[in-house]
Each structure stands twice: as structure tokens, then as C-alpha cells.
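Heads up, the thing below is written out as C-alpha cells.
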Amino acid sequence: AKTTVSVPLFVQPQGAPEIYVISGGTLRHVQSPADLLALNGSRPLQVLPWSRGTVQWFGIGPAFLPSNSFVRFTGRAEIYRYENGLLRHVRSIKTLLQLNGGTPPREYVLPGDQLSRFKVGSPLLTSGADFVQFTGAPEIYFYDNGKLRHVTSIAILLRLGGGRAPEVLQIAPGFKADYAVGTPIT
């Protein structure tokens, strides 16, 4: 070829409408024209035509999502925020609105089978509402002002739960490092 193409590299399978960006050694489907422009720095777009066989050989990874975007998967009710290469489950509408400056965000909607292509991180908790326990550990925490606070007694748990035992979210122990820990509630 007599022309050079600078990164990012965009690929389109012959006869298909989808355009992919090469990222992390795989092809990632770019969901919208606005995302294509943003990825390309608003320069004129150059797309490399590839055969379908070459696309399959190269490999298709998870869809491209801009950092801090919101996504849901067909057949599932959960909404996730895409941060630092991870999907993080947004546990409540309150948290969703807080993360988006008080307004409902634009959501990307991907096929349900695409969820398995992404790495999933720790859930985004709702301040003043969520109780968590790390699987295998006895401590229960209350998420308050961006910190996990150890609930030190059953009486305090019941008081915080409005007089009844609240739902306690079970989280994998490996995610504990993702949360700041505050002072215990005594």
C-alpha cells in the first residue's frame, strides 16, 4: 500500500456494517458514530476492509465502551458502569444518578452473551443504604459516605435497618481492597 494509516486502526469486515477498533490485541466493536469520531480524534476516518475470515482469525473481544459509560445487557436488569477496563454493577437508581451528575445517563445496550467477554469488578454501592459482607468473613459493613463501616453489634444492624434485619450483599473477598474502610459503628 502506498498510504499509511495511523492508530487507532479501524477495521470493517467486507459486506458488514460493523466497524471495529484494534485494541488490546483484539477487535472491539465501536457502538456509535460519535464513539468512532471520539476515538479517532475527529480526524477523517480511515477504515481497513478485512475479509470475514481475517476478522475471525484475529479475534473479536468485548465491545468498545468509553470510560465511565453505562451499559446493560439484553435479558438482564442490571446496569453497569465501565471503569478502568472493568464493569461495575450499579446497585441503585440513586447511585446511577449521582454518578451522572443527577441526570439519567445514556446507556449502551449490548447482547446478553457479551457480558462474559468483559471483566467484572466490585459493585458500586449506595451510600446510606447498602450493607455488605465479604464471603467467608463474619463482619457486616454499612456503606456510608464512600466508606465501609463495620457494624459492631446486632442491635446496631437492626437500628440501621429500620428495626429489621436488612438485606446483606455478599461480595467476593478479593474485592475488599476496592473499598475504603472507615471507623466502626458503635
Side-chain angles (χ1 to χ4, degrees), residues 21 23-24 26 28-32 34-35 38-39 60-186:
V21 63
S23 174
T26 64
R28 300 182 67 191
H29 180 225
V30 181
Q31 302 297 301
S32 72
D35 291 340
L39 272 170
I60 297 174
F64 170 80
L65 295 171
S67 187
N68 298 322
S69 60
F70 297 91
V71 63
R72 109 183 125 74
F73 297 88
T74 56
R76 301 183 65 103
E78 301 92 0
I79 295 175
Y80 295 89
R81 184 173 185 185
Y82 184 71
E83 303 177 342
N84 302 316
L86 298 172
L87 291 179
R88 298 186 67 195
H89 179 210
V90 181
R91 300 221 353 107
S92 73
I93 295 298
K94 178 182 175 185
T95 300
L96 181 69
L97 294 174
Q98 284 175 345
L99 290 169
N100 201 52
T103 61
R106 172 185 180 231
E107 294 176 11
Y108 290 83
V109 179
L110 298 177
D113 63 346
Q114 289 264 329
L115 178 58
S116 65
R117 293 183 180 183
F118 289 90
K119 290 181 183 176
V120 178
S122 58
L124 293 167
L125 302 174
T126 302
S127 185
D130 281 336
F131 294 86
V132 300
Q133 184 176 37
F134 295 97
T135 308
E139 298 87 5
I140 294 177
Y141 296 90
F142 182 62
Y143 189 68
D144 186 33
N145 291 320
K147 294 183 179 178
L148 293 176
R149 298 184 64 200
H150 178 223
V151 178
T152 57
S153 72
I154 297 295
I156 294 170
L157 180 66
L158 293 173
R159 179 176 51 88
L160 291 170
R164 59 189 172 128
E167 176 187 353
V168 178
L169 174 67
Q170 295 293 312
I171 299 179
F175 290 140
K176 188 172 184 179
D178 292 349
Y179 301 102
V181 177
T183 58
I185 303 173
T186 55

Answer yes or no: is there a side-chain heavy-atom contact under 4.5 Å between Gln98 and Thr126?
-> no
Taking C-beta and beyond as the side chain, do Phe175 and Val132 meet within less than 4.5 Å on heavy atoms?
-> no
Measure the shortest side-chain to side-chain distance between Pro66 and Arg106 over non-hydrogen atoms and say whether it is less than 4.5 angstrom.
-> no
Determine the minimum heavy-atom distance between Glu78 and Arg72, stating which atoms define it.
-> O-CB, 3.5 Å
Specify whether Tyr80 and Phe73 have parallel, tilted or perpendicular ring planes, treating 30° as the upper limit for parallel and 60° as the lower limit for perpendicular.
-> perpendicular
Donor-acceptor contact below 3.5 Å, side chain Arg28 vs main chain Pro62 = yes
Taking atom OG of Ser122 and atom CG of Leu87, what is their separation to the nearest 0.5 Å?
-> 11.5 Å
Could you pull out all residues at least two apart from Phe64 that satisfy ring-ring contact (aromatic ring centres under 6.0 Å, His included)?
-> none
Side chain to side chain contact (heavy atoms under 4.5 Å, CB included) between Val109 and Thr74, worked out | CA-CA 7 Å; Val109 179; Thr74 56; 3.8 Å; yes
Quick one: are Arg91 and Leu124 in side-chain contact, heavy atoms under 4.5 Å?
-> no
Looking only at heavy atoms, the pair that brings Pro166 and Leu157 closest together is CG-CD1, 3.7 Å
Taking the side chain as C-beta and beyond, is there a heavy-atom pair between Glu83 and Asn68 under 4.5 Å?
-> yes
Ring geometry between Phe142 and Phe131 (parallel below 30°, tilted from 30 to 60°, perpendicular above 60°) = tilted
Parallel, tilted or perpendicular: ring planes of Phe134 versus Tyr179, cut at 30 and 60 degrees | tilted
Closest non-hydrogen atom pair between Pro105 and Asn100, with its separation = CA-ND2, 3.2 Å
Look at the aromatic rings of Tyr141 and His150 and report parallel, tilted or perpendicular, splitting at 30° and 60°.
-> tilted
